[in-house]
Amino acid sequence: MPDPPAVTRLPVEVELLFELMPCNALRTSQYAGTGDHPCAYFRSWGTYHSYDYDADGPPPDPAIIRPSHYTGRMTPLPEPLSGCRKAPVLAVGINPNLPGWWPAGHNSLTPDFDSVRQYAHYFRYRGVFKPELDDDAYLEFGGGPDDDPLAGVPLDVPEDADGRRPIPVREQPQRMYRVYQGLLDDLGTELGLAPGTLTVGEDLAYGNMVACASAKWTTRPDPQDPDLPPMSEGQRTGIVGECFRTRRHLLRQLFQSLPAVILVLGQNTANAFTGELGDRLEPVPEPATPMAELMATEIRLRYGTLDDGREIDARVLFAPHPTGNPDDYAEARPLLVSQLSREARSGRLAHDGRIGHLTRPQGSCAFCPLLEIGPCPYADVLTPLPGGGPALLAGAPESAAVEKRTQLRLLDGITERAAPVAEVWAHTDDREK
């Protein structure tokens, strides 16, 4: 049996950033196999208007709307987890959305950062919106209904005296992220908190099983949008095998974050999540279990046993997709809020007055201080896993390796024991957008 891979001293949450940011470019441009790598599929969605900050390095505060300039068109970067790595609620999707594909979102902007620290800052603080170009400026620079991602024509933005092409960037609210905020608002009310106390990015983070974006996750053409590029089933198998199973981008982040509650919204996402994590779910759902049955069942994800003998787990909550099936979601929402409130009453989502947010899950974190994107507001309340070192690991690389070994031990075997990718993902086509 081969030796296990070496465990570096770089914390998982930081190591992932350096792997994810160049991932699609590496698979696409430096693949040594025959034919295209499966992940080259994402290039078939075209290119999108991009921008960069005027100032070098990560911003000095959490704001991501800053003086910026246009850089042309590009394929969006793969996305890591958005929000605090120790947020106690994690919302999971299949892959990131691509608003720029649709005509109403053609003025969307994708970050063209060549700095890992800017990339880290952006996804740590993105919250409930993505960036877009101001409507008037977009039209002035040549945008409009014919601005097609597949045509790839850049905007005509004039240069300033420094050779940059300045643009006005503003917030583009995202319906799905607003749904998350609404759930937090209702949970805060149940806990007797002032409106806005709980927020997306601090109390809820969101991530995806596959890191690259598309407007739909589908192997079937869309008769309403004939230009939309479906995957082949072989591409889907290859993408999931590469991103989720081999590189374990989401799994490694999940077992570093150790959230108390995991939200899975949408039947297709539920099919993928339960199929991949079924080995750790109690009870184990049957393949493609209907949403109503998933919602009616108390399902927990077993993280495993810590070095001190304690078992840790998370409640997994399911609901219809809010933007794809809004009527079904509206009907199911009261139950979802009730289930969140029940987890709060049990203490799993308790409010911690010391930090003004929900209690952080157990485990250390080095993301913000090690990448120097801002101070950790939770440094005084983080508790390392048994056998680890200090809770804030930026200055303790040996302790990071100890905690990482525990995290990797806990997730060991999940992908190896899952059914074949083609079988698990056979019922995940997105028909809900």
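All figures in this text were calculated on a predicted structure; none of them were measured in a lab.
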key: Identified salt bridge (charged side-chain N to carboxylate O under 4.0 Å, His left out) counterpart of Glu202 within the set Arg124, Lys86, Arg360   =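 Result: among Arg124, Lys86, Arg360, Arg124 is the only option passing the salt bridge (charged side-chain N to carboxylate O under 4.0 Å, His left out) with Glu202.
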I need the [X] [atom1] to [Y] [atom2] distance, nearest 0.5 Å.
X      : Y      : atom1 : atom2 : value
Trp217 : Asp429 : CH2   : CG    : 9.5 Å
Thr197 : Asp203 : OG1   : CG    : 9.0 Å
Leu204 : Leu340 : CG    : CG    : 9.0 Å

Less than 4.5 Å apart, any side-chain heavy atom of [X] and any of [Y]?
X      : Y      : answer
Tyr329 : His321 : no
Met209 : Trp425 : yes
Tyr48  : Asp112 : no
Arg252 : Glu19  : yes
Gln339 : Arg315 : yes
Gln181 : Val200 : yes
Asn24  : Phe42  : yes
Thr297 : Pro285 : no

Within the 6.0 Å centroid threshold, strictly below: Tyr177 and Phe129 =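 When the ring centroids of Tyr177 and Phe129 are compared, they turn out to be at least 6.0 Å apart.
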inquiry  = Tell me if the aromatic rings of Tyr70 and His49 count as close, with their centers under 6.0 Å from one another.
reply    =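 Ring centres of His49 and Tyr70 closer than 6.0 Å.
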If the threshold is 4.0 Å, N to carboxylate O, is there a salt bridge linking [X] and [Y]?
X      : Y      : answer
Glu79  : Arg126 : yes
Arg302 : Glu311 : no
Asp307 : Arg409 : yes

So, the side chain of [X] versus the backbone of [Y]: is there a donor-acceptor pair under 3.5 Å, distance only?
X      : Y      : answer
Arg117 : Leu371 : yes
Gln267 : Thr289 : yes
Asn208 : Val210 : no

Minimum heavy-atom distance [X]-[Y], with the two atoms named:
X      : Y      : answer
Thr274 : Asn271 : OG1-O, 3.5 Å
Cys84  : Ala205 : O-CB, 3.7 Å
Arg27  : Cys39  : CB-CB, 4.2 Å
Pro111 : Leu77  : O-CD1, 3.7 Å
Leu336 : Ala319 : CD2-CB, 3.9 Å
Cys243 : Ala211 : SG-N, 3.4 Å

request  = With salt bridge (charged side-chain N to carboxylate O under 4.0 Å, His left out) as the test, would you mind laying out the steps for Asp134 and Arg170 before giving the verdict?
outcome  = CA-CA 6 Å; Asp134 172 84; Arg170 68 183 185 187; 3.7 Å; yes
For the residue pair [Y] / [X], report whether a side-chain donor-acceptor contact shorter than 3.5 Å exists.
X      : Y      : result
Gln362 : Thr383 : no
Asn107 : Asp135 : yes
Thr428 : Asn268 : no
Glu132 : Ser108 : no
Ser50  : Thr110 : no

Leu254: which of Leu410, Val92, Leu301 passes side chain to side chain contact (heavy atoms under 4.5 Å, CB included) =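 It is Leu301, the one option of Leu410, Val92, Leu301 that forms the side chain to side chain contact (heavy atoms under 4.5 Å, CB included) with Leu254.
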ask   = Only one of Pro361, Cys365, Pro11 clears side chain to side chain contact (heavy atoms under 4.5 Å, CB included) with Gln256; which?
value =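 One option only clears the test, and that one is Cys365.
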request  = For side chain to side chain contact (heavy atoms under 4.5 Å, CB included), just list the numbers for Ser257 and Leu90, CA-CA rounded to whole Å, side-chain angles, deciding distance to a tenth of an Å, and then say yes or no.
outcome  = CA-CA 9 Å; Ser257 295; Leu90 174 64; 5.6 Å; no
query = Who are the side-chain hydrogen bond (donor to acceptor under 3.5 Å, both in side chains) partners of Tyr180, not counting sequence neighbours?
reply = none
task = Dump the intermediate steps for side chain to side chain contact (heavy atoms under 4.5 Å, CB included) on His357 and Asp352, then the final yes or no.
result = CA-CA 6 Å; His357 288 281; Asp352 187 337; over 6 Å; no
query = Under the ring-ring contact (aromatic ring centres under 6.0 Å, His included) test, which residues partner Tyr125, sequence neighbours left out?
reply = His121
task = Show your working on side-chain hydrogen bond (donor to acceptor under 3.5 Å, both in side chains) between Asp54 and His69 and close with a plain yes or no.
result = CA-CA 6 Å; Asp54 289 349; His69 55 276; 2.7 Å; yes
task = Please test Arg405 against Asp412 for salt bridge (charged side-chain N to carboxylate O under 4.0 Å, His left out), starting from the C-alpha separation and ending with a verdict.
result = CA-CA 10 Å; Arg405 288 190 182 93; Asp412 185 50; over 6 Å; no
message = Using side-chain hydrogen bond (donor to acceptor under 3.5 Å, both in side chains), reason through Thr75 and Thr47 one step at a time and then give a plain yes or no.
response = CA-CA 5 Å; Thr75 302; Thr47 56; over 6 Å; no
Full working for salt bridge (charged side-chain N to carboxylate O under 4.0 Å, His left out) between Arg348 and Asp313 = CA-CA 10 Å; Arg348 290 174 175 269; Asp313 63 15; 2.9 Å; yes
message = Using side-chain hydrogen bond (donor to acceptor under 3.5 Å, both in side chains), reason through Asp147 and His106 one step at a time and then give a plain yes or no.
response = CA-CA 7 Å; Asp147 180 21; His106 280 173; 4.8 Å; no
Audit row: Leu183, Leu263, side chain to side chain contact (heavy atoms under 4.5 Å, CB included) steps and yes/no = CA-CA 11 Å; Leu183 290 172; Leu263 293 179; 4.1 Å; yes
query = Considering residues, nucleotides and ligands other than Asp380, do more than 12 of their heavy atoms fall under 6.0 Å from its CG?
reply =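 No - once you tally the heavy atoms of other residues, nucleotides and ligands closer than 6.0 Å, there are 12 at most.
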ask   = Between Asp186 and Arg333, is a side chain to side chain contact (heavy atoms under 4.5 Å, CB included) present by the stated rule, with each step listed?
value = CA-CA 11 Å; Asp186 285 356; Arg333 191 178 186 279; 2.5 Å; yes
key: Trace of the salt bridge (charged side-chain N to carboxylate O under 4.0 Å, His left out) decision for Arg248 with Glu15   = CA-CA 12 Å; Arg248 304 188 299 181; Glu15 185 175 64; over 6 Å; no
message = Using side-chain hydrogen bond (donor to acceptor under 3.5 Å, both in side chains), reason through Ser115 and Asp56 one step at a time and then give a plain yes or no.
response = CA-CA 8 Å; Ser115 161; Asp56 293 333; over 6 Å; no
